[in-house]
There are 2 protein chains.
Amino acid sequence: MNIGAVSKAAELPTKTVRYYADIGLVVPSGRSQNGYRVYDEAEVRKLVFVRRARSFGFSVDECRELLGLYQDDGRSSRDVKKITLQRIAEIEQKMAELQSLHSELTHLANSCLGDGRPNCPILSGLSV
Amino acid sequence: MNIGAVSKAAELPTKTVRYYADIGLVVPSGRSQNGYRVYDEAEVRKLVFVRRARSFGFSVDECRELLGLYQDDGRSSRDVKKITLQRIAEIEQKMAELQSLHSELTHLANSCLGDGRPNCPILSGLSV
DNA sequence: TGTAATGCTTCCACTAACTGGAAGGTCAAG
DNA sequence: CTTGACCTTCCAGTTAGTGGAAGCATTACA
């Protein structure tokens, strides 16, 4: 498979696939005579894996770590679970922050008339 | 006030204050003979405003826009409310994403034994 | 068979919002 | 007088890509 087909199959932009190759995250299985990157099914699966993990908030470096575990038959599920639980904790933290942000902003927006007049509680609220 | 005092007053790192000066977001009111940036209360208020707005998820460019409104006595609260409501909608969107992420990851973590064996549903789940 | 349109390559530069560090000038205290 | 804190500029790096240019390769179509 050439990069275009891979890009379609993994649902990632070609630029991103090339970038992942550059940083050694998912490298093509080889190159054809004309220099084109050649991928096979295994790489496509890894790319899908990375796309999903990224969408789950795993950083590229964590993806690298996870891919390592993914490929290592001797890995323990304990390692994987540890990373995942950390991520869950971070998500909960993030959600709490967003929650307080949301209520503050909602409060400000509610107290604002939103008319053509300059008097605006949102700005006063921000500048406290 | 020199940058150190401003930094303390506005609760922002000096690096950040300098950065904001560089990009023209909050510029010092002047320079002293020795070349030190000199700020007065108005700038400190703006910096506090920016810090809070940033913590609310407004981008630096949005802060610039808000600062413009903030300083413009002829502004309408409608403009400010519009930006704020957009931001609230984005936060809700983000929270929904985090929520689904959280339940998916929790599900995966729960189905993982977390022992020393290689069999790990988290990885299989990610690679679907 | 010619040519035009994709598709692929590399490389360089840019994004956001800082942060770290080096090299050097200034100032107050002991 | 020297030490240390504070200030300056400039350069580079961070994350995770994205945009674009210049230049081969392949394919589609008239």
Side-chain angles (χ1 to χ4, degrees), chain A residues 1-40 43-44 46-67 83 87 90 94 97 101, chain B residues 1-40 43-44 46-67 83 87 90 94 97 101:
Chain A
M1 289 171 93
N2 284 347
I3 203 166
V6 170
S7 157
K8 232 172 217 136
E11 297 174 62
L12 282 171
T14 55
K15 279 276 190 187
T16 303
V17 176
R18 230 174 259 128
Y19 172 71
Y20 287 163
D22 286 351
I23 64 172
L25 183 61
V26 178
V27 295
S29 46
R31 296 269 182 159
S32 54
Q33 297 98 321
N34 51 27
Y36 288 12
R37 288 171 185 81
V38 175
Y39 293 85
D40 55 28
E43 274 73 50
V44 174
K46 286 183 208 165
L47 285 170
V48 170
F49 179 94
V50 169
R51 174 171 53 74
R52 295 212 69 213
R54 289 283 302 122
S55 85
F56 273 74
F58 292 92
S59 74
V60 164
D61 263 7
E62 284 167 332
C63 286
R64 209 185 290 273
E65 197 176 355
L66 285 172
L67 266 186
I83 301 181
R87 193 115 313 266
E90 283 170 32
K94 197 87 192 162
E97 279 169 26
L101 223 103
Chain B
M1 291 172 93
N2 283 347
I3 202 166
V6 170
S7 156
K8 230 170 219 138
E11 296 173 62
L12 282 170
T14 55
K15 278 279 190 187
T16 303
V17 177
R18 228 173 260 127
Y19 172 70
Y20 287 164
D22 286 351
I23 63 171
L25 183 61
V26 178
V27 296
S29 47
R31 297 270 183 157
S32 55
Q33 295 100 321
N34 52 27
Y36 289 12
R37 287 172 185 81
V38 175
Y39 293 85
D40 55 26
E43 274 74 50
V44 174
K46 286 184 210 166
L47 285 169
V48 171
F49 178 93
V50 168
R51 174 173 52 75
R52 295 212 69 213
R54 289 283 301 122
S55 86
F56 275 73
F58 292 92
S59 75
V60 164
D61 263 8
E62 283 166 333
C63 287
R64 209 185 289 271
E65 197 175 357
L66 285 172
L67 265 186
I83 301 182
R87 195 119 307 272
E90 282 170 31
K94 197 86 191 162
E97 279 170 26
L101 223 101

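Here is how names work: the chains are called A, B, and so on, in the same order as the sequence lines, proteins then strands, and each is numbered from 1. Given the structure is predicted, the values throughout are model-derived calculations rather than measurements.
The side chain to side chain contact (heavy atoms under 4.5 Å, CB included) test applied to Asn2(A) returns Tyr36(A), not counting sequence neighbours. With sequence neighbours excluded, the residues forming a side-chain hydrogen bond (donor to acceptor under 3.5 Å, both in side chains) with Asn34(B) are Ser32(B), listed by chain and number. Annotation: salt bridge (charged side-chain N to carboxylate O under 4.0 Å, His left out) contacts of Asp61(B) (sequence neighbours excluded): Arg64(B).
Rounded to a whole Å, the CZ atom of Arg54(A) is 11 Å from the P atom of dT15(D). The distance from atom CZ of Phe58(A) to atom C1' of dA16(D) is 17 Å, rounded to the nearest whole Å. Computed from coordinates, the Leu12(A) CG to dA16(D) P distance equals 14 Å when rounded to whole Å.
Considering CD of Glu65(B) and CD1 of Ile83(B), their distance stands at 3.5 Å, rounded to 0.5 Å. Annotation: the span from Lys46(A) atom NZ to Tyr39(A) atom OH amounts to 11.0 Å, rounded to 0.5 Å.
Residue Asn34(A) is the one, among Asp61(B) and Asn34(A), whose nearest nucleotide of DNA chain C lies closer to the 5' end (criterion: closest heavy atom). Along DNA chain C, the nucleotide nearest Arg31(A) and the nucleotide nearest Thr16(B) are compared for position; the residue whose nucleotide lies closer to the 5' end is Arg31(A).
At its two ends the helix from dT1(C)-dA30(D) to dG30(C)-dC1(D) runs along axes set 10° apart, each axis drawn from five pairs and the angle rounded to 10°.
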Only pairs under 3.5 Å count here: list side-chain donor-acceptor contacts from residues 6-28 of chain A, not counting sequence neighbours, and write none if there are none.
from    : atom 1 : to       : atom 2 : distance (Å)
Ser7(A) : OG     : Leu12(A) : O      : 2.6

Dump the pairs, protein N or O against N or O of nucleotides 3-7 of chain D, anything under 3.5 Å, distances to one decimal.
from   : atom 1 : to      : atom 2 : distance (Å)
dC7(D) : OP1    : Gly4(B) : N      : 2.8

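Arg52(A) and Ser55(A) get closest at one heavy-atom pair: O-OG, 2.8 Å. In terms of heavy atoms, Arg54(A) sits closest to Ser59(A) at NH1-CA, 3.8 Å.
The outermost nucleotides of DNA chain C lying under 4.0 Å from heavy atoms of chain A, listed 5' to 3', are dG7(C) to dT10(C).
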